[in-house]
Amino acid sequence: GNSVTQMEGPVTLSEEAFLTINCTYTATGYPSLFWYVQYPGEGLQLLLKATKADDKGSNKGFEATYRKETTSFHLEKGSVQVSDSAVYFCALNGRVEYGNKLVFGAGTILRVKS
Amino acid sequence: DAGVTQSPTHLIKTRGQQVTLRCSPISGHKSVSWYQQVLGQGPQFIFQYYEKEERGRGNFPDRFSARQFPNYSSELNVNALLLGDSALYLCASSLTSGRFYNEQFFGPGTRLTVL
(Lines give C-alpha, C1' and ligand atoms only; values in the text may rest on other atoms or scores of the structure.)
Protein backbone atom coordinates (compact mmCIF):
# COMPACT_ATOMS: atom_id res chain seq x y z
CA GLY A 1 0.00 0.00 0.00
CA ASN A 2 0.88 3.66 -0.14
CA SER A 3 3.08 5.05 2.63
CA VAL A 4 5.12 8.12 3.56
CA THR A 5 8.27 8.26 5.68
CA GLN A 6 9.53 11.51 7.17
CA MET A 7 12.66 12.32 9.10
CA GLU A 8 12.11 12.21 12.82
CA GLY A 9 12.18 15.37 14.86
CA PRO A 10 12.23 17.58 16.57
CA VAL A 11 14.41 19.70 14.32
CA THR A 12 15.80 22.70 16.20
CA LEU A 13 17.33 25.57 14.22
CA SER A 14 18.43 29.12 14.83
CA GLU A 15 16.68 31.91 12.99
CA GLU A 16 17.93 32.36 9.40
CA ALA A 17 19.31 28.81 9.23
CA PHE A 18 18.70 26.53 6.23
CA LEU A 19 15.97 23.93 6.62
CA THR A 20 15.64 20.49 5.08
CA ILE A 21 13.01 17.97 6.12
CA ASN A 22 13.32 14.67 4.29
CA CYS A 23 10.32 12.81 2.92
CA THR A 24 10.22 9.59 0.91
CA TYR A 25 7.20 7.69 -0.30
CA THR A 26 6.02 4.33 -1.54
CA ALA A 27 3.11 4.30 -3.95
CA THR A 28 1.70 2.55 -6.96
CA GLY A 29 1.34 4.70 -10.01
CA TYR A 30 1.99 8.41 -9.91
CA PRO A 31 0.68 10.06 -6.76
CA SER A 32 0.32 13.75 -6.04
CA LEU A 33 2.59 14.94 -3.20
CA PHE A 34 1.97 17.55 -0.54
CA TRP A 35 3.41 19.31 2.45
CA TYR A 36 0.99 20.40 5.15
CA VAL A 37 1.78 22.54 8.19
CA GLN A 38 0.06 22.45 11.56
CA TYR A 39 0.52 25.32 14.00
CA PRO A 40 -0.16 24.70 17.71
CA GLY A 41 -3.85 24.21 18.41
CA GLU A 42 -4.86 24.45 14.77
CA GLY A 43 -5.83 22.18 11.90
CA LEU A 44 -3.78 21.45 8.81
CA GLN A 45 -2.90 24.02 6.18
CA LEU A 46 -1.67 23.11 2.72
CA LEU A 47 1.84 24.54 2.33
CA LEU A 48 2.69 23.33 -1.19
CA LYS A 49 2.01 20.56 -3.67
CA ALA A 50 3.35 18.84 -6.79
CA THR A 51 1.27 16.66 -9.06
CA LYS A 52 3.83 15.12 -11.41
CA ALA A 53 7.49 14.17 -11.58
CA ASP A 54 10.02 17.06 -11.61
CA ASP A 55 7.34 19.55 -10.53
CA LYS A 56 8.52 22.02 -7.90
CA GLY A 57 6.00 23.26 -5.38
CA SER A 58 6.74 26.52 -3.60
CA ASN A 59 5.06 28.83 -1.10
CA LYS A 60 6.17 31.34 1.55
CA GLY A 61 9.84 30.60 0.83
CA PHE A 62 9.39 26.84 1.16
CA GLU A 63 10.16 24.55 -1.80
CA ALA A 64 9.95 20.85 -2.60
CA THR A 65 10.67 18.98 -5.84
CA TYR A 66 8.88 15.76 -6.85
CA ARG A 67 11.70 13.28 -7.53
CA LYS A 68 10.31 10.12 -9.07
CA GLU A 69 13.71 8.41 -9.41
CA THR A 70 14.39 8.67 -5.68
CA THR A 71 10.69 8.67 -4.61
CA SER A 72 11.34 11.77 -2.54
CA PHE A 73 9.76 15.15 -1.84
CA HIS A 74 12.12 16.93 0.56
CA LEU A 75 11.03 20.26 2.04
CA GLU A 76 13.55 23.14 2.03
CA LYS A 77 13.69 26.75 3.11
CA GLY A 78 16.69 29.01 2.80
CA SER A 79 16.17 31.08 5.93
CA VAL A 80 13.75 30.03 8.65
CA GLN A 81 11.96 32.37 11.03
CA VAL A 82 10.62 31.85 14.53
CA SER A 83 7.12 31.97 13.06
CA ASP A 84 7.90 28.82 11.02
CA SER A 85 7.87 26.76 14.24
CA ALA A 86 5.18 24.14 13.66
CA VAL A 87 4.65 20.49 12.75
CA TYR A 88 5.20 19.64 9.07
CA PHE A 89 3.51 16.67 7.41
CA CYS A 90 4.40 15.12 4.09
CA ALA A 91 1.46 13.44 2.36
CA LEU A 92 0.47 11.73 -0.85
CA ASN A 93 -2.73 11.09 -2.71
CA GLY A 94 -2.86 7.99 -4.83
CA ARG A 95 -4.98 8.21 -7.92
CA VAL A 96 -7.87 5.85 -7.37
CA GLU A 97 -11.17 5.42 -9.05
CA TYR A 98 -12.93 7.35 -6.37
CA GLY A 99 -11.83 9.27 -3.42
CA ASN A 100 -9.33 11.80 -2.23
CA LYS A 101 -7.63 9.74 0.44
CA LEU A 102 -4.51 11.43 1.79
CA VAL A 103 -1.77 9.28 3.34
CA PHE A 104 0.35 11.22 5.81
CA GLY A 105 3.77 10.79 7.32
CA ALA A 106 4.19 10.94 11.10
CA GLY A 107 5.10 14.62 11.06
CA THR A 108 8.28 16.53 11.89
CA ILE A 109 8.34 19.13 14.66
CA LEU A 110 10.33 22.25 13.74
CA ARG A 111 11.51 24.61 16.47
CA VAL A 112 13.20 27.84 15.47
CA LYS A 113 15.09 29.81 18.13
CA SER A 114 15.64 33.54 17.97
CA ASP B 1 -15.63 33.19 2.89
CA ALA B 2 -16.03 30.83 5.82
CA GLY B 3 -13.68 27.88 5.92
CA VAL B 4 -14.48 24.39 7.13
CA THR B 5 -16.13 24.52 10.54
CA GLN B 6 -16.30 21.76 13.12
CA SER B 7 -18.17 21.37 16.37
CA PRO B 8 -17.66 20.98 19.19
CA THR B 9 -14.09 22.20 19.67
CA HIS B 10 -13.42 19.96 22.64
CA LEU B 11 -15.25 16.99 24.06
CA ILE B 12 -14.72 14.76 27.07
CA LYS B 13 -16.42 11.37 27.24
CA THR B 14 -16.06 8.19 29.28
CA ARG B 15 -15.41 4.70 28.00
CA GLY B 16 -18.44 3.02 26.48
CA GLN B 17 -20.22 6.26 25.61
CA GLN B 18 -21.15 7.41 22.13
CA VAL B 19 -20.11 10.67 20.46
CA THR B 20 -21.21 12.67 17.41
CA LEU B 21 -18.91 15.17 15.73
CA ARG B 22 -20.11 17.67 13.16
CA CYS B 23 -18.58 19.31 10.13
CA SER B 24 -19.73 22.01 7.71
CA PRO B 25 -17.76 22.18 4.46
CA ILE B 26 -16.78 25.26 2.53
CA SER B 27 -19.71 26.62 0.56
CA GLY B 28 -19.89 24.88 -2.81
CA HIS B 29 -17.84 21.89 -1.71
CA LYS B 30 -19.66 18.57 -2.07
CA SER B 31 -17.13 16.16 -0.60
CA VAL B 32 -16.22 15.70 3.06
CA SER B 33 -13.49 13.50 4.51
CA TRP B 34 -12.76 12.58 8.12
CA TYR B 35 -9.32 11.91 9.61
CA GLN B 36 -8.17 10.82 13.07
CA GLN B 37 -4.95 12.33 14.42
CA VAL B 38 -3.59 10.65 17.52
CA LEU B 39 -1.12 12.76 19.49
CA GLY B 40 2.33 12.61 17.93
CA GLN B 41 1.17 10.92 14.72
CA GLY B 42 -0.01 11.94 11.28
CA PRO B 43 -3.71 11.98 10.43
CA GLN B 44 -5.29 8.66 9.45
CA PHE B 45 -8.09 8.51 6.88
CA ILE B 46 -11.46 7.36 8.25
CA PHE B 47 -14.14 8.14 5.65
CA GLN B 48 -14.91 10.14 2.58
CA TYR B 49 -18.40 11.14 1.46
CA TYR B 50 -19.49 12.71 -1.80
CA GLU B 51 -23.06 13.61 -2.68
CA LYS B 52 -24.24 11.72 0.42
CA GLU B 53 -22.57 8.48 -0.66
CA GLU B 54 -19.59 6.84 1.00
CA ARG B 55 -16.65 6.96 -1.41
CA GLY B 56 -13.91 5.57 0.79
CA ARG B 57 -13.36 3.95 4.15
CA GLY B 58 -10.13 3.57 6.09
CA ASN B 59 -9.07 0.76 8.38
CA PHE B 60 -11.34 1.59 11.30
CA PRO B 61 -13.79 -0.67 13.17
CA ASP B 62 -17.53 -0.63 12.63
CA ARG B 63 -17.91 1.48 15.77
CA PHE B 64 -17.07 4.38 13.47
CA SER B 65 -19.80 5.56 11.13
CA ALA B 66 -20.60 8.73 9.25
CA ARG B 67 -23.18 10.32 7.04
CA GLN B 68 -23.56 13.34 4.82
CA PHE B 69 -26.66 15.49 4.63
CA PRO B 70 -28.33 17.18 1.62
CA ASN B 71 -26.60 20.46 2.52
CA TYR B 72 -23.26 18.54 2.35
CA SER B 73 -22.55 18.85 6.07
CA SER B 74 -21.45 15.67 7.76
CA GLU B 75 -21.49 13.83 11.07
CA LEU B 76 -19.01 11.31 12.39
CA ASN B 77 -20.32 8.91 15.03
CA VAL B 78 -18.23 6.74 17.29
CA ASN B 79 -19.92 4.15 19.50
CA ALA B 80 -18.61 2.25 22.52
CA LEU B 81 -15.73 4.65 23.03
CA LEU B 82 -12.32 3.29 23.98
CA LEU B 83 -9.41 5.12 25.56
CA GLY B 84 -7.58 4.74 22.25
CA ASP B 85 -10.21 6.84 20.48
CA SER B 86 -8.80 9.93 22.18
CA ALA B 87 -7.53 12.06 19.32
CA LEU B 88 -8.01 15.17 17.21
CA TYR B 89 -10.69 14.48 14.60
CA LEU B 90 -10.21 16.50 11.45
CA CYS B 91 -12.74 17.19 8.75
CA ALA B 92 -11.68 18.20 5.25
CA SER B 93 -13.79 19.40 2.35
CA SER B 94 -13.16 19.45 -1.37
CA LEU B 95 -15.12 20.45 -4.45
CA THR B 96 -15.63 16.97 -5.84
CA SER B 97 -14.38 13.42 -5.54
CA GLY B 98 -12.91 11.71 -8.52
CA ARG B 99 -9.99 10.05 -10.17
CA PHE B 100 -7.80 13.14 -9.97
CA TYR B 101 -6.95 14.97 -6.83
CA ASN B 102 -9.12 17.79 -5.58
CA GLU B 103 -7.48 19.97 -2.96
CA GLN B 104 -8.77 19.31 0.53
CA PHE B 105 -9.24 22.11 3.02
CA PHE B 106 -9.08 21.15 6.68
CA GLY B 107 -11.09 22.41 9.61
CA PRO B 108 -9.59 23.15 13.05
CA GLY B 109 -10.63 19.76 14.41
CA THR B 110 -12.50 18.41 17.41
CA ARG B 111 -10.35 17.28 20.34
CA LEU B 112 -11.93 14.16 21.86
CA THR B 113 -10.73 12.91 25.22
CA VAL B 114 -11.97 9.55 26.48
CA LEU B 115 -11.56 8.91 30.20
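This one's a predicted model, so the numbers in the text were calculated from it and none came from an experiment. Letters go in sequence order (proteins before strands), and every chain restarts at 1. Hydrogens, waters and symmetry mates play no part in the numbers below; they use all other heavy atoms, side chains included.
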Which word best sums up how the rings of A:Y88 and A:F62 line up, parallel for under 30°, tilted for 30 to 60°, or perpendicular for over 60°? tilted

From the list B:G58, B:P43, B:C91, the residue making the most non-hydrogen contacts under 4.5 Å with chain A is B:P43

Side chain, backbone, both or neither: which part of A:Q38 has an atom under 4.5 Å from a heavy atom of chain B? side chain

Report, in residue-number order, which members of residues 106-115 of chain B are under 4.5 Å from chain A by heavy-atom distance. B:F106, B:G107, B:P108

Does the pair A:K49/A:D55 count as a salt bridge with the N-to-O cut at 4.0 Å? no

Using the rule that two of Ile, Leu, Val, Met, Phe, Trp, Tyr join whenever any of their side-chain heavy atoms come within less than 4.5 Å, decide whether A:Y30 and A:V103 are in one cluster. yes

Is there a side-chain contact between A:L47 and A:Q45, using heavy atoms and a 4.5 Å cut-off? no

In this structure, which one of A:K60, A:R111, A:K77 forms a side-chain hydrogen bond (donor to acceptor under 3.5 Å, both in side chains) with A:D84? A:K77

Given ring-ring contact (aromatic ring centres under 6.0 Å, His included), test A:F104 with A:Y36 step by step and report yes or no. CA-CA 9 Å; A:F104 287 89; A:Y36 280 84; 5.7 Å; yes

Checking heavy atoms, do the side chain of A:L44, its backbone, both or neither come under 4.5 Å from chain B? both

Is it the case that B:S73 and B:Q68 place a side-chain donor and acceptor less than 3.5 Å from each other? no

Side chain to side chain contact (heavy atoms under 4.5 Å, CB included) between A:F34 and A:L48: does it pass, once the steps are laid out? CA-CA 6 Å; A:F34 309 87; A:L48 54 84; over 6 Å; no

Heavy-atom cut-off 4.5 Å, strictly under: side chain, backbone, both or neither for B:Q37 against chain A? side chain

